[in-house]
Amino acid sequence: MLIFCSRKSMRICKTLRRKSIKIYIEIAYSSNTRVIIRHIFQEGLIPWSDEWFAQAQSSEITIEHSSELEEETQELVRIGGHKVPVTSEIVEIKENNIPMDREKGEIELRFYFDEKFDGLKILAEFFTWFFNSPVDEVRVSTKQYPDQISKTIDWVLSQQESIPFCFIEDDRVTDEHIRDVLDVSNFVKTVFISVKPTDSFSHQFIYNNEFLTISNAFWFNLQNLFNVNCSFIELEGTKLTSWEMNWFLRHWINGWFFKMRVVDIEMEEIHLQSLFAGLNVVEFPAGERRVFKNTVLIFCSQKSMRTCKTLRNKSNKVWIGFHYFSGANVTLRDTFIEDLLPWSEEKLSEAQISEIYIENSSELEEREQKLVSIRGHNVPMTFRIDEKGEVELSLYFKDTFDGLKILVEYLTWFFDSPIDEVIISSVDSPDKIKRTIDWIVSQQETIPHCHIEDDQITDERIRDVLDVSNFAEEILIGLRPTDTFSHQFTFNNDVITLLNAFWFNLQNLFNVDCRVIQLNGTKLTSQEMNQYLRRWINGEFSKIKIVDIGMEEIDLQSLLEDLNAVNFPEGEERFYKTQNNEERVVDYGFDITRNDGTVATIEHEGGNIVSKRFFFVVW
């Protein structure tokens with residue numbers, strides 16, 4: 001909670017506030033000027049990591065110019081001796097664009113000053129005093145004023161000795177101001193610099209802190225590299241050669257750059273003989289695994305790529321996701337945890353994720369163009385660093401689907417891994433779904449995970465999708481057929497989930513034998529489900545572990561007729577795992593027993609409870 005009151009009251013609040021919670025203060029001075037306060041109760045998380053951001057609680061205050069204030073909304077608050085106009089608005093909290101069920105939204109505060117930078121300083125001074133915490137993060141660009149970057153950093157460094165995290169991005173800043181930025185970057189522990197110097201730019205750069213990332217680093221020469229000693233260095237677009245990197249490695253061998261743990265540099269084409277000359281290089285031990293949580297994508301000559309493919313660590317499984325809907329992208333996930341299901345929440349939380357977006361060539365601006373070689377194709381590429389410091393990579397093709405195929409063929413070849421996940425819709429092409437699945441199954445026998453969703457596809461196309469669904473081990477189909485739709489459906493793999501399944505009849509259910517069945521909105525009746533259970537008791541549907549069906553209102557007497565059902569043992573709990581490896585408990589319902597002695601539970605509270613959900617677990 002943020003409190004603006006009298007100085008005496010404020011001093012009392014500051015004295016009484018809980019000191020054990022670390023408060024992170026971020027200031028942003030770009031197109032939007034704001035102060036963000038973050039706090040986190042979970043200990044042991046690395047600041048600014050994805051998990052840290054997910055756990056952090058944030059409050060955001062926007063700084064506006066006084067000219068934008070409407071007189072009738074004005075309310076004055078006192079901040080460090082200044083009377084400042086403020087407006088507030090309750091903003092609806094949404095998650096994935098869906099309003100969340102909470103009594104109140106978040107309050108959006110806007111403070112108004114005659115000069116935004118003065119307002120930023122006043123608020124930052126107030127919060128650093130009140131929370132007894134420095135400015136932890138600075139994000140700045142020169143959207144309004146040429147000296148905005150250096151002015152902001154100079155002011156922060158006049159208040160504290162260093163800045164833990166700084167993100168600087170601008171493509172219009174002058175060479176003079178770029179030099180100012182580079183000179184003060186050594187006061188930042190983690191710095192991301194994305195500026196665009198002129199072609200003739202040069203600078204003697206020094207950095208000895210922790211993490212350094214520079215894009216547009218064509219000016220970064222060998223002497224600059226010798227002047228850097230930090231834990232992590234990432235440089236994009238340098239003109240460093242194999243001989244120069246050989247010289248760098250020789251110095252490392254002789255004891256220089258003792259802080260270095262990761263060096264990731266884009267350079268001129270690598271010549272292994274020049275790079276390794278005189279270094280006594282040995283091949284990485286076969287079968288050995290050294291854990292390094294980072295995915296690096298390399299696009300280079302075919303000869304170099306074959307060398308990289310040969311030398312890469314084969315024991316790390318890379319999951320390849322193929323996403324083709326309103327946009328198109330390929331997702332790579334790598335993880336070192338072997339005993340988790342591929343798409344469980346545990347696995348996703350451990351995975352390192354890289355995304356490559358496929359764009360149409362018509363969206364490429366000429367000035368952005370840079371060509372990379374992908375298996376004989378010269379492909380335009382752009383990238384940018386997002387607010388979390390992660391790289392967003394985009395490749396441009398005349399036809400998006402052709403681009404997806406080229407990229408996926410390359411990645412499955414390089415990582416020696418099939419496509420593991422397909423997410424697809426037919427937003428802009430009626431035959432997109434079938435065409436995509438047909439191509440994938442021409443490359444591999446099955447698809448481990450498939451998600452198909454579209455509310456505009458025709459009945460004919462829906463039948464095409466259902467007919468090829470048996471190529472997926474786990475499939476979710478969210479399509480919207482017409483009211484008269486019918487189809488004889490068969491599925492015998494692992495997991496099937498159908499939305500809008502009003503057309504799914506008893507014969508379809510008899511044609512399915514898999515581990516998990518999830519059906520939404522069927523018109524199945526209690527008498528029909530009784531017939532299904534009778535067949536299960538007699539030994540059919542041997543794969544079934546979970547059946548979860550939305551159906552007509554359950555008549556318990558009709559459902560359990562002649563099944564010899566008994567009440568679930570009072571006080572007992574049984575645990576099962578969902579298809580996502582999540583553990584759930586069953587502690588009520590009715591048990592039935594198959595002829596071979598296998599027990600299953602129908603989850604229902606009995607009596608006159610009204611339910612339209614049939615849930616069945618085999619133990």
Side-chain angles (χ1 to χ4, degrees), residues 182 185-186 190-191 193 202-316 318 332 334 336 352 354 370 372-375 383 391 410-411 413-416:
L182 293 172
S185 63
N186 209 34
T190 298
V191 63
I193 302 174
S202 64
H203 190 64
Q204 286 303 309
F205 178 68
I206 297 174
Y207 185 80
N208 297 298
N209 237 309
E210 294 296 330
F211 294 84
L212 172 69
T213 299
I214 301 178
S215 61
N216 302 311
F218 60 85
W219 57 271
F220 200 97
N221 59 29
L222 184 60
Q223 185 57 54
N224 294 142
L225 189 57
F226 284 163
N227 291 339
V228 172
N229 187 19
C230 59
S231 300
F232 180 100
I233 178 170
E234 182 178 11
L235 305 173
E236 178 270 328
T238 77
K239 296 181 179 180
L240 292 166
T241 67
S242 298
W243 280 113
E244 288 176 318
M245 292 310 299
N246 174 272
W247 196 242
F248 169 78
L249 293 172
R250 288 172 182 263
H251 280 72
W252 178 80
I253 288 172
N254 289 325
W256 288 38
F257 321 120
F258 58 89
K259 288 184 180 179
M260 291 236 175
R261 290 295 178 268
V262 178
V263 179
D264 187 356
I265 297 178
E266 184 184 24
M267 52 180 283
E268 298 292 295
E269 183 173 332
I270 292 175
H271 299 281
L272 288 181
Q273 185 175 355
S274 302
L275 181 65
F276 293 156
L279 298 184
N280 297 321
V281 175
V282 296
E283 190 172 336
F284 193 92
E288 183 174 329
R289 182 172 72 184
R290 300 172 190 170
V291 175
F292 169 61
K293 292 190 174 182
N294 193 33
T295 298
V296 180
L297 300 177
I298 307 168
F299 301 102
C300 53
S301 70
Q302 294 186 25
K303 182 177 179 181
S304 299
M305 185 54 63
R306 285 194 296 270
T307 303
C308 293
K309 175 178 169 64
T310 301
L311 295 179
R312 68 169 291 268
N313 189 353
K314 304 296 193 302
S315 60
N316 298 340
V318 175
L332 302 180
D334 61 65
F336 306 113
Q352 305 299 302
S354 300
K370 177 177 182 181
V372 294
S373 178
I374 304 178
R375 305 205 78 182
F383 75 93
V391 173
Y410 164 76
L411 294 173
W413 167 79
F414 182 78
F415 291 112
D416 194 23

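Remember, predicted model here, so these are calculated numbers, not experimental data.
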Kindly compute the distance separating [atom1] ([X]) from [atom2] ([Y]), expressed to the nearest 0.5 Å.
| X | Y | atom1 | atom2 | answer |
| --- | --- | --- | --- | --- |
| Ser185 | Asn209 | OG | CG | 9.0 Å |
| Leu249 | Leu275 | CG | CG | 6.0 Å |
| Leu279 | Ile253 | CG | CD1 | 4.5 Å |

Residues which pass side chain to side chain contact (heavy atoms under 4.5 Å, CB included) with Ser231, listed by chain and number, not counting sequence neighbours: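 Scan of Ser231 (side chain to side chain contact (heavy atoms under 4.5 Å, CB included), adjacent residues dropped) gives Glu210.
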Can you list the residues that meet the side chain to side chain contact (heavy atoms under 4.5 Å, CB included) rule with Val282, with sequence neighbours excluded?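 Expected list: none.
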Are the side chains of [Y] and [X] in contact, using a 4.5 Å heavy-atom criterion?
| X | Y | result |
| --- | --- | --- |
| Asn229 | Met260 | yes |
| Cys230 | Phe257 | no |
| Met245 | Met267 | yes |
| Val191 | Ile214 | no |
| Val228 | Ile206 | no |

Check ring pair (Phe, Tyr, Trp, His ring centres under 6.0 Å) between Phe211 and all other residues, then give those that pass, not counting sequence neighbours.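 Result, ring pair (Phe, Tyr, Trp, His ring centres under 6.0 Å) vs Phe211: Phe232.
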In a table with atom names and distances, give each donor-acceptor pair under 3.5 Å that connects a side chain of residues 218-225 to protein atoms at least two apart or in another chain.
from   : atom 1 : to     : atom 2 : distance (Å)
Trp219 : NE1    : Asn216 : O      : 3.4
Asn221 : OD1    : Gln223 : N      : 3.2
Asn221 : OD1    : Asn224 : N      : 2.8
Gln223 : NE2    : Asn227 : OD1    : 3.3
Asn224 : OD1    : Asn221 : N      : 3.1
Asn224 : ND2    : His203 : O      : 2.9

Any pair counted as side-chain hydrogen bond (donor to acceptor under 3.5 Å, both in side chains), so long as it reaches residues 250-260, sequence neighbours left out: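 For residues 250-260, and leaving out neighbouring residues, the side-chain hydrogen bond (donor to acceptor under 3.5 Å, both in side chains) pairs sorted by first residue read Asn246-Arg250.
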So, the side chain of Ser274 versus the backbone of Trp243: is there a donor-acceptor pair under 3.5 Å, distance only? no
Tell me whether Asp264 contacts the main-chain N or O of Leu235 through its side chain, where contact means a donor paired with an acceptor under 3.5 Å.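 It does not hold such a pair.
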Looking at residues at least two apart in the chain, or sitting in another chain, which of them share a salt bridge (Lys or Arg N to Asp or Glu O under 4.0 Å) with Glu244?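 Glu244 satisfies salt bridge (Lys or Arg N to Asp or Glu O under 4.0 Å) with no other residue.
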With side chain to side chain contact (heavy atoms under 4.5 Å, CB included) as the criterion, how do Asn208 and Asn186 come out once you've worked through the C-alpha distance, each side chain's angles and the decisive distance to 0.1 Å? CA-CA 6 Å; Asn208 297 298; Asn186 209 34; 4.2 Å; yes
Hey, mind stepping through Ile270 and Ser242 against side chain to side chain contact (heavy atoms under 4.5 Å, CB included) and telling me if it holds? CA-CA 6 Å; Ile270 292 175; Ser242 298; 4.2 Å; yes
Checking Ser202 now: which residues fulfil side-chain hydrogen bond (donor to acceptor under 3.5 Å, both in side chains) with it, not counting sequence neighbours?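 Partners of Ser202 by the side-chain hydrogen bond (donor to acceptor under 3.5 Å, both in side chains) criterion come out as none, since no residue qualifies.
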